Amino acid sequence: MRTALVQTPGDAGGCVPLAPAPLLPPVTREWSTACDPTPRAAALARTRARAQLTVFGWEGDVEDAVLVVSELVTNAVRHAYAPGRVPWLRLALLEGGGLLVDVSDAVDGFVPRDTSEEGGRGLQLVRNLGQLSWFLRAAPQCGKTVRVQLLP
C-alpha cells in the first residue's frame, strides 16, 4: 500500500507520515528532484516541472500546475530552509488523470507571516487552483510536505 510520503534523500532516516494519508487513486507515474535553496530554485523548478508534465503527457492545465510548483518551492526555500537540508519536489500522476504536487521541507509547521510585508497571497491562489493539504512527518526534525491535488 502506498503512503502519502515518499522518503527522499533530503529526508532524515525514518521519516513517516504522522497519520494515514487520505485515500487517493493509485499513482501511475512519478518524478522527484531536489530544489537547491537558492534564489533560482523556483525558476528551475518551473522549467523542470513543465518539461516533466510534457513527458508525462498530463492532460490538465500545465501552466496552473507550474504556478503551483513555483509557489510551493518559493515558500519552502524562503520560509522553511534548514542548513544541510534541501526541499524536494515530487510530481505524481494519479490513475484517472489527476496530479499531485508535493513539496517537502525540513520545518515542522508554518512560519507566521508578517502582515506588514507585501505578498502572502500565494497559498490563497494555490487553493483556488487545486485541493491544498499538508502533513507533518514523524520523527524529530523530519519536517512537512505541502500537497496540492490538481484535476486533469
Side-chain angles (χ1 to χ4, degrees), residues 3-12 15-18 21-22 24 27 29-94 97-152:
T3 63
L5 173 69
V6 173
Q7 186 170 339
T8 63
D11 286 336
C15 293
V16 296
L18 284 174
L24 294 169
V27 171
R29 294 180 77 179
E30 63 184 303
W31 168 86
S32 64
T33 187
C35 301
D36 289 330
T38 66
R40 298 251 327 122
L44 186 55
R46 285 191 302 271
T47 300
R48 289 178 174 171
R50 187 177 286 111
Q52 193 59 49
L53 291 171
T54 301
V55 168
F56 283 168
W58 187 55
E59 295 179 2
D61 189 324
V62 171
E63 293 309 310
D64 282 355
V66 169
L67 181 62
V68 168
V69 165
S70 183
E71 180 60 31
L72 297 185
V73 168
T74 296
N75 285 350
V77 169
R78 190 175 287 167
H79 304 294
Y81 173 71
R85 304 279 304 278
V86 295
W88 275 81
L89 165 64
R90 174 180 176 247
L91 302 177
L93 287 183
L94 301 174
L99 176 71
L100 294 181
V101 177
D102 289 344
V103 174
S104 299
D105 62 53
V107 175
D108 295 333
F110 293 93
V111 177
R113 184 175 71 85
D114 180 351
T115 56
S116 66
E117 290 181 16
E118 179 126 355
R121 294 173 198 87
L123 286 180
Q124 183 177 1
L125 174 63
V126 167
R127 279 188 193 98
N128 292 334
L129 296 174
Q131 182 179 343
L132 176 69
S133 61
W134 66 280
F135 50 92
L136 295 176
R137 298 186 307 274
Q141 300 178 342
C142 277
K144 70 180 167 303
T145 296
V146 178
R147 166 174 287 168
V148 177
Q149 183 176 354
L150 299 167
L151 299 176

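The structure displayed is predicted, hence computed values, not measured ones. For the single chain, residues carry numbers from 1 onward in sequence order.
- For the atom pair CZ of Arg147 and CG of Leu72, the computed distance is 11.5 Å after rounding to the nearest 0.5 Å.
- Residue Ala65 comes nearest to Trp58 through the heavy atom pair CB-CZ3, 3.8 Å, listed as atom of the first residue, atom of the second, then distance.
- The two residues Ser32 and Trp88 have their closest heavy-atom pair at OG-CZ3, 3.9 Å.
- Put simply, CG on Leu125 and CG on Leu132 are 11.0 Å apart, with the number rounded to the nearest 0.5 Å.
- Across all non-hydrogen atoms, the minimal contact from Val73 to Ala45 is CG2-CB, 3.8 Å.
- Here the CG-CG distance, from Asp61 to Leu151, works out to 11.5 Å after rounding to the nearest 0.5 Å.
- Partners of Leu91 by side chain to side chain contact (heavy atoms under 4.5 Å, CB included), not counting sequence neighbours, listed by chain and number: Trp31, Ala49, Gln52, Leu53, Phe56, Val69, Leu89, Leu99, Val101.
- At a threshold of 4.5 Å between non-hydrogen side-chain atoms, the residues Leu129 and Leu67 count as touching.
- In this structure, the side chains of Val86 and Cys35 stay at 4.5 Å or more apart for every pair of heavy atoms.
- Between the Lys144 side chain and the Val107 main chain, a donor and an acceptor come within less than 3.5 Å of each other.
- Counting heavy atoms from C-beta outward, Glu63 and Arg50 have side chains that approach closer than 4.5 Å.
- Considering every non-hydrogen atom in both Gly130 and Leu150, the closest pair reads CA-CD2, 3.8 Å.
- Residues Leu24 and Leu100 have side chains in contact (heavy-atom distance under 4.5 Å, counting atoms from C-beta outward).
- Partners of Gln149 according to the side-chain hydrogen bond (donor to acceptor under 3.5 Å, both in side chains) rule, which considers only residues two or more places apart in sequence or in another chain, do not exist here.
- Across all their heavy atoms, Val27 and Arg90 have their closest contact at CG2-NH2, 3.8 Å.
- The environment of CZ in Arg78 is sparse: at most 12 heavy-atom neighbours from other residues, nucleotides or ligands sit within 6.0 Å.
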| message | side-chain contact (heavy atoms from CB on, under 4.5 Å), that's the test. Do Val148 and Glu71 meet it? Break it down for me. | response | CA-CA 11 Å; Val148 177; Glu71 180 60 31; over 6 Å; no

